[in-house]
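For reference, the structure is listed below as structure tokens.
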Amino acid sequence: MLKCHQIVDQSSDYLEHDMSFRQRLQFRMHLLMCHNCRRFIRQFKAAIQMTKSLSKAAVSQAQLDVVRRRIEALDE
Amino acid sequence: MNVGRVRASYAIFSLGLVIETYQKNSQTEAFEADLLPMLIQGDKASFNRMVEAYYGPMLGLARSIVGMAIADEVVQEAWLSMYKALPSFEGRSSLKTWILRITANEAKSRLRRESRHVSLDAITGGETDMMPGRFQDNGHWSVPPSAWHDEGPDALLTNLEMGDCIQYSLNRLPELQQAVFTLKELEGYSFEELCNILEISASNARVLLHRARICLYSKIEHFQESGEC
């Protein structure tokens with residue numbers, strides 16, 4: 001029987017489907033019996049989805065122009 | 001919030017992200033197939049299109065390794081290195097993967113020159129240390145997860161203050177954790193591709209990603225409980 005801390009340790013593998021059938025079965029057995037871990041997995045999934053939408057680095061035209069100028073200088 | 005509604009919201013949100021990633025990958029392949037022959041002939045306009053398309057992902061990766069202050073310099077140097085190496089590009093990976101690998105190497109070299117080291121130590125140590133004080137000696141929760149006010153990803157996204165807090169926390173993760181997180185979660189790379197870019201093993205990449213996720217999860221939990229970052 002898995003312990004709660006093992007559920008936390010293996011939670012990314014579970015969500016990425018990166019575990020054997022046997023490991024997945026053990027994981028799900030624990031979830032059936034533990035409401036704290038069910039809540040953790042539900043909220044962990046939501047957190048992952050939310051963080052995927054964090055903003056990417058913004059780029060200004062000035063930054064692009066610097067690259068172009070430096071590349072042109074290499075060719076001269 | 002109703003658990004059924006949260007699940008439905010999560011499923012729709014996940015499907016949207018999968019479709020978006022698939023479309024992005026197809027667009028990248030088509031873009032590069034169009035661009036590459038012209039680039040190798042030294043066409044300036046094609047090079048400028050590439051700069052516009054890939055400067056952002058390069059900057060995101062460089063920031064995750066060297067920090068905001070010198071990321072731009074690193075990206076500039078990476079472009080110069082890439083321009084010189086372009087005639088020898090063999091197409092073993094996508095152009096974008098190749099460029100990001102050059103950026104990652106440039107950033108790591110810069111860190112070494114600055115007498116800092118890439119924090120590979122983050123890979124070692126016990127997994128349970130990721131949530132210190134949350135478990136009893138018998139491995140069960142001593143401080144179980146609290147119920148969040150908003151559990152759906154859409155609801156979490158609409159909380160702008162929390163978004164700022166998570167962005168702030170992401171910028172403070174150890175370098176390699178940030179780099180793996182940026183490539184996997186923000187740029188949508190597979191483990192195989194990001195291991196190729198960062199030159200780390202798949203097992204290390206998985207540990208680093210999991211640690212980054214748990215850290216950000218803990219920040220969201222803290223924000224949900226206290227309303228503070």
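In what follows, chains are A, B, ... by sequence order, proteins preceding strands, each numbered from 1.
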_Test of understanding: with side-chain contact (heavy atoms from CB on, under 4.5 Å), list the residues that count as partners of B/Ser218, not counting sequence neighbours._
B/Met131, B/Ile214

_Proximal to chain A - members of residues 220-229 of chain B, heavy-atom separation under 4.5 Å_ = B/Ile220

*What are the residues of residues 162-169 of chain B, in order of number, with any heavy atom under 4.5 angstrom from a heavy atom of chain A?*
B/Met162, B/Gly163, B/Ile166, B/Gln167

Heavy-atom proximity to chain A below 4.5 Å, by part of [X]:
X: B/Lys219; result: neither
X: B/Leu216; result: side chain
X: B/Ala147; result: both
X: B/Asp72; result: side chain
X: B/Ser146; result: backbone

*asked:* Among A/Gln43, A/Gln63, A/Arg70, which residue has the highest count of heavy-atom pairs closer than 4.5 Å to chain B?
replied: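 Top count of heavy-atom pairs under 4.5 Å with chain B: A/Gln43.
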
*Is it the backbone or the side chain of A/Glu16 that comes under 4.5 Å from a heavy atom of chain B, or both, or neither?*
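When you check distances to chain B, only side chain atoms of A/Glu16 fall under 4.5 Å.
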
*Taking only residues two or more places apart in sequence, or in another chain, which ones meet A/Arg28 in a salt bridge (Lys or Arg N to Asp or Glu O under 4.0 Å)?*
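For A/Arg28, no residue satisfies salt bridge (Lys or Arg N to Asp or Glu O under 4.0 Å) once neighbours in sequence are set aside.
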
*Would a 4.5 Å heavy-atom cut-off, applied to side chains only, mark A/Ser12 and B/Arg213 as touching?*
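They are in side-chain contact.
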
